[in-house]
Asks: 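After the structure tokens below, expect a handful of questions from me.
Below, read A as the first sequence line, B as the second, and so on, with proteins coming before strands; counting in each chain starts at 1. Keep in mind the model is a prediction, meaning the values are calculated, not measured.
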2 protein chains.
Amino acid sequence: MNCANSVDYGDPDPFQWDTREDCQVRQILDRVADKWSLLVIALLDSRRLRFTELRREIDGISQRMLTVTLRQLERDGLVQRTVHPVVPPRVEYELTPLGGTLHTTIRSLVTWTEEHQNEIAAARAAYDEREARGV
Amino acid sequence: MNCANSVDYGDPDPFQWDTREDCQVRQILDRVADKWSLLVIALLDSRRLRFTELRREIDGISQRMLTVTLRQLERDGLVQRTVHPVVPPRVEYELTPLGGTLHTTIRSLVTWTEEHQNEIAAARAAYDEREARGV
DNA sequence: CTGGATCCGACATGATACTG
DNA sequence: CAGTATCATGTCGGATCCAG
């Protein structure tokens, strides 16, 4: 990880990654790999969605968490928020160009999960089975 | 999302994803996109690392969380745990073939973050600046 | 060295009520 | 409709101690 944020402690690991806590890359990873952020970004593909539409699409998200998540994504320049000065208010969210590049990556993560969910389920079952016999 | 886990409620969204809470894909996403899991998988690239080595590489992780994370990854069939019956104990962790496929995807997420960290930092600064003026 | 078990506090999140 | 504010809570995760 090329980490702009932390001083050089020396002793780089063989993969050139900075796994230190104050590393900016790690902080951003926590943000974009967040449970709700992931879903919002994956949903907003070239669509503009209203607040309520997003809320309806993402089952289980509370109003508060949707608000918080959208604010963070907006702050990070990944999502564009557009307020239409009408009544009742109409606010639309869409990916910025930067957000679009992240969308691709996150999509591949979702795709990986879709493609391998059965293997994972099988691995879990096998593990639990071994576990049960062991105990 | 092709979701093996939940019944069909009808009304699929235009992108064919299942964003319901009981969706298996969402549960797996939460797991693999977890803060610590991400780092462990990203670090274990064709290397076998011992528990203590991992702990040293991942700054800020507690013993407990490393143990918990590794157990989850092992259960999901992403990480192989090898115990050498020596004293003191020697336990090594490495990616399974399945874990290797995930490694690639996660690496691309890390790479994205590395490449765009400056844009994000700039976006944050701009947002905070606007915020400060607004208030 | 590699954990398991326990305790406990902090923070993230949910629920609810209210507002422009 | 799209939030904000407040309060309640429960989970995550750190610290610590112990064991094989």
Asks: Please report, rounded to the nearest Å, how far the P atom of C/dA15 is from the CG atom of A/L66.
Replies: 14 Å

Asks: With the side chain counted from C-beta on, respond yes when B/R55 and B/Q63 share a heavy-atom pair under 4.5 Å apart, and no when they do not.
Replies: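 The answer is yes, as the side chains (C-beta and beyond) meet within the 4.5 Å cut-off.
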
Asks: To the nearest Å, give me how far apart CG (A/L70) and P (D/dG3) are.
Replies: 8 Å

Asks: Heavy atoms from C-beta onward define the side chain here; which of C/dC1, C/dG3, D/dG3 lies closest to that of A/T67?
Replies: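 Nearest nucleotide to the side chain: D/dG3.
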
Asks: Apply side chain to side chain donor-acceptor pair (under 3.5 Å) to B/R64 and list each qualifying residue two or more places apart in sequence or on a separate chain.
Replies: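 B/R64: no side chain to side chain donor-acceptor pair (under 3.5 Å) contacts found.
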
Asks: Check B/R20 with A/E57, please: is the shortest side-chain N to carboxylate O separation under 4.0 Å?
Replies: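 Salt bridge: no.
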
Asks: Sugar-phosphate means primed atoms, P, OP1 and OP2; the rest is base. With that split, encode nucleotides 6-20 of chain D 5' to 3' as B, S or - using protein heavy atoms under 4.0 Å.
Replies: B------BBB----B

Asks: What nucleic acid atoms does A/R71 come within less than 4.0 Å of, heavy atoms only: base, sugar-phosphate, or nothing?
Replies: sugar-phosphate

Asks: Side-chain N or O of B/R81 less than 4.0 angstrom from OP1 or OP2 on C/dG3?
Replies: yes

Asks: Rounded off to whole Å, could you give me the CG-to-C1' distance for the B/L49 and C/dC1 pair?
Replies: 15 Å

Asks: Heavy-atom distance under 4.5 Å between the side chains of A/L29 and B/L38, does that happen here?
Replies: yes

Asks: Can you measure A/Y93 atom OH to D/dC1 atom P for me and round it to whole angstrom units?
Replies: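 For the pair A/Y93 OH and D/dC1 P, the rounded distance is 14 Å.
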
Asks: Among pairs that include at least one residue of residues 83-125 of chain A, which meet ring pair (Phe, Tyr, Trp, His ring centres under 6.0 Å), considering only residues two or more places apart or in two chains?
Replies: A/W112-A/H116

Asks: Should A/D128 and B/R75 count as an ion pair when the cut-off is N to O under 4.0 Å?
Replies: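 Looking at A/D128 and B/R75, the cut-off is met.
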
Asks: For a quick test of reading the model: is some side-chain N or O of A/R50 closer than 4.0 Å to OP1 or OP2 of D/dA2?
Replies: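 Indeed, a polar side-chain atom of A/R50 lies that close.
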
Asks: To the nearest Å, give me how far apart CZ (A/F51) and P (D/dC1) are.
Replies: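 Distance check: A/F51 CZ to D/dC1 P gives 11 Å.
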
